[in-house]
Amino acid sequence: MNDKKKPLPLQDVDVQHLYDLLNQNSDWVWEVDAQGRYTWASDVVTSLLGYPPGEVIGKTPFDFMPPGEAERVGRAFMEIVQEKRAFSGLVNRNRRADGRIVVLETSGVPLFDEHGELRGYRGVDRNISTLGERVLQLETIYDTTPVALCMIDRSGRLVMSNKAMNHLLTHDGHELTESYLSQHMPEFWHLFEEDFALADMGEAIPRREMIWHDRCYDAQSIAVTDASSNVVGLSITWVDITARRQAEQKLAGANQVLQRHAQHDHLTGLFNRRYMDECLLTEVTRSYHGHFPLSICLVDIDFFKLYNDSQGHQAGDECLQIVAKALVTSLVHPDANVSRYGGEEFLAILPDTNKSAALSIAERLRKQINALKLPHAASPMGFLTISIGVATLDCESIFSEDKPQHMIASALIGKADTALYAAKKQGRNRVVVADMNVA
């Protein structure tokens with residue numbers, strides 16, 4: 001009797017060889033019907049997903065994906081089926097029988113029956129969980145970008161960091177060994193703990209500005225989750241905004257200078273007319289609502305044109321500066337404001353000041369200028385003097401009338417100007433108080 005096993009027929013050898021190619025390959029070969037259910041699967045599925053082919057048949061690819069991933073890939077696959085087209089490079093995450101996640105890249109071609117109707121797809125799945133060329137390219141981009149990037153786990157360990165991040169932490173760009181951000185930046189660690197807490201609650205993580213070694217950084221944390229949507233780390237971007245902040249500070253300083261120039265008279269340093277008009281309107285409104293009096297003093301230097309013509313413009317400018325300083329030092333009212341209102345005119349705003357108090361203040365201002373004894377040969381007095389017109393808003397006589405505040409402010413200036421004109425007409429170097437009613 002011949003004990004030798006009879007060789008398989010040539011056709012059977014070819015079939016066995018084909019099965020060997022399909023089942024002893026790195027790629028999983030499969031077929032699905034028009035509903036996406038597996039109708040055939042090679043043995044490679046066992047090494048990829050941990051299930052034997054028999055447990056895969058009748059199920060769909062989405063039965064092996066996490067819910068969110070199944071929804072995402074399902075939408076993409078539906079578009080492919082509707083167009084009845086081939087596809088490749090469809091990356092998807094799958095949960096193995098042991099619970100681990102495996103990342104597959106799926107490609108397939110459509111199958112049609114004799115009537116041209118789609119009856120399913122045939123394709124392959126390739127395990128791309130391990131590092132491949134694409135991941136290496138992304139890693140190169142990540143490592144060489146000029147923006148500092150890192151990823152930390154919940155203990156603060158630096159899982160990943162690029163060259164810019166290494167330079168940020170070490171100042172020399174050397175590779176970081178096993179390291180913890182919580183150790184490098186202990187003063188900031190509580191902020192990242194807050195970020196983890198926000199991420200756990202599903203809330204947005206705010207951007208933060210941090211000063212590190214005299215540099216200003218805009219730090220943005222993004223939550224990193226695992227396949228079960230648990231927050232396992234933070235991906236942090238550090239953008240150096242030092243130059244931008246310095247530019248903003250310079251701009252703010254320049255704006256302050258411009259604001260000062262817009263509000264102040266360049267010669268005397270007092271507030272200018274534009275600012276005082278706004279200030280007066282504000283004080284009128286406050287007095288109107290608070291029901292307290294408001295007074296103003298309109299001051300004019302007597303015979304200033306003659307002084308300017310005889311002494312020269314430089315002496316005239318110095319005279320204005322001297323008078324301005326004297327007026328400011330003579331006003332003891334804490335809320336009073338003095339401005340150069342135009343030419344040789346000055347305006348003093350006296351909140352919460354009635355007629356008699358305003359008269360006393362105006363007389364003190366006049367006497368203070370007289371006490372300077374600044375020579376003025378073109379004046380009959382022989383020294384510099386001022387004339388003052390005083391006007392007062394009285395609660396009882398004014399605020400009973402319903403008029404716009406800007407009209408009341410304008411009328412107040414008008415009455416003070418009329419009183420000033422009367423003081424000059426009466427011989428100058430005097431104070432005249434306007435009538436109570438300025439409406």
Side-chain angles (χ1 to χ4, degrees), residues 268 270-271 273 276-277 279-281 283-284 287 293-309 316 319-320 322-324 326-328 330-331 333 336-374 376 378-399 401 403 405-439:
T268 63
L270 298 177
F271 291 117
R273 178 167 183 166
M276 289 300 278
D277 282 340
C279 183
L280 179 60
L281 181 59
E283 292 300 336
V284 167
S287 295
L294 171 67
S295 296
I296 63 171
C297 297
L298 195 58
V299 180
D300 186 85
I301 300 176
D302 295 329
F303 303 109
F304 180 74
K305 186 177 185 304
L306 296 178
Y307 184 94
N308 209 33
D309 291 343
C319 173
L320 290 171
I322 292 172
V323 171
L327 292 176
V328 171
S330 298
L331 282 176
H333 193 292
N337 284 322
V338 183
S339 70
R340 184 183 178 190
Y341 208 59
E344 66 272 21
E345 282 190 345
F346 299 86
L347 175 68
I349 299 178
L350 310 173
D352 199 13
T353 303
N354 59 26
K355 176 182 176 181
S356 60
L359 176 59
S360 299
I361 292 173
E363 281 294 347
R364 184 168 67 248
L365 295 177
R366 186 186 68 81
K367 291 178 182 179
Q368 181 68 20
I369 300 302
N370 284 355
L372 296 175
K373 296 298 181 180
L374 191 65
H376 187 353
S379 170
M381 276 69 75
F383 56 89
L384 196 74
T385 60
I386 59 173
S387 297
I388 303 176
V390 178
T392 299
L393 283 176
D394 184 272
C395 305
E396 297 178 358
S397 61
I398 298 304
F399 300 121
E401 298 189 27
K403 287 191 175 183
Q405 275 72 48
H406 73 274
M407 291 182 62
I408 297 176
S410 179
L412 186 64
I413 290 290
K415 287 297 183 179
D417 189 56
T418 299
L420 175 61
Y421 178 78
K424 287 180 172 293
K425 192 173 181 180
Q426 294 174 23
R428 294 181 169 83
N429 191 25
R430 67 190 64 240
V431 175
V432 172
V433 180
D435 296 336
M436 290 288 289
N437 186 7
V438 300

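What you see is a predicted model; the values in this text were computed from it and never measured.
- One distance of note links CZ of F304 with CG of D309; it measures 9.5 Å at 0.5 Å rounding.
- L320 is listed as a side-chain neighbour of I301, based on a closest heavy-atom distance under 4.5 Å.
- Note that the CG atom of L281 and the NE2 atom of H406 stand 8.5 Å from one another [nearest 0.5 Å].
- In this structure, H376 has its ring center closer than 6.0 angstrom to the ring center of Y307.
- Between L372 and I322, some side-chain heavy-atom pair lies under the 4.5 Å cut-off.
- The two residues I408 and L393 come nearest to each other via the heavy atoms CG2-CD2, 3.5 Å.
- How far CG of L270 is from CZ of R340: 9.0 Å, rounded to the nearest 0.5 Å.
- Closest non-hydrogen pair, A348 versus L331, comes out as CB-CD1, 4.1 Å.
- A search for side chain to side chain donor-acceptor pair (under 3.5 Å) contacts involving S339 returns nothing, not counting sequence neighbours.
- Between L294 and T392, the closest side-chain pair of non-hydrogen atoms is not below 4.5 Å.
- Qualifying salt bridge (charged side-chain N to carboxylate O under 4.0 Å, His left out) partners for R430, counting only residues two or more places apart in sequence or in other chains: none.
- The shortest distance between side-chain heavy atoms of D394 and P293 does not fall below 4.5 Å.
- Proximity of a side-chain donor or acceptor of T385 to a complementary backbone N or O of M381 within less than 3.5 Å is not detected.
- Contact of the N429 side chain with the R366 side chain is registered, since non-hydrogen atoms from C-beta on lie closer than 4.5 Å.
- Contact of the C297 side chain with the F346 side chain is not registered, since no non-hydrogen atoms from C-beta on lie closer than 4.5 Å.
- Every residue was checked against the salt bridge (charged side-chain N to carboxylate O under 4.0 Å, His left out) condition with D352, not counting sequence neighbours, and none meets it.
- For the atom pair K415 NZ and S410 OG, the distance stands at 12.0 Å (nearest 0.5 Å).
- For R364 against S330, the heavy-atom pair with the smallest separation is NE-O, 3.0 Å.
- Applying the side-chain contact (heavy atoms from CB on, under 4.5 Å) test between L365 and each of V338, I388, N370, V323 identifies I388 as the sole match.
- With sequence neighbours excluded, no residue forms a side chain to side chain donor-acceptor pair (under 3.5 Å) with S379.
- Among residues two or more places apart in sequence or in another chain, the side-chain contact (heavy atoms from CB on, under 4.5 Å) test is passed with A357 by T353, N354.
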Hey, can you pull the donor-acceptor pairs under 3.5 Å for the side chains in residues 418-425, sequence neighbours left out?
| unit_1 | atom_1 | unit_2 | atom_2 | d |
| --- | --- | --- | --- | --- |
| T418 | OG1 | G414 | O | 3.0 |
| K424 | NZ | D300 | OD2 | 2.4 |

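- Listed by chain and residue number, Y341 satisfy the side chain to side chain donor-acceptor pair (under 3.5 Å) test with D277 (two or more places apart in sequence, or in another chain).
- A search for ring pair (Phe, Tyr, Trp, His ring centres under 6.0 Å) contacts involving F271 returns H264, Y275, not counting sequence neighbours.
- Partners of K367 according to the side chain to side chain donor-acceptor pair (under 3.5 Å) rule, which considers only residues two or more places apart in sequence or in another chain, do not exist here.
- With E283 as the partner, the side-chain contact (heavy atoms from CB on, under 4.5 Å) test is satisfied by one option alone out of I349, L350, I296, L412: I349.
- Annotation: side-chain contact (heavy atoms from CB on, under 4.5 Å) contacts of V433 (sequence neighbours excluded): K355, L359, V390.
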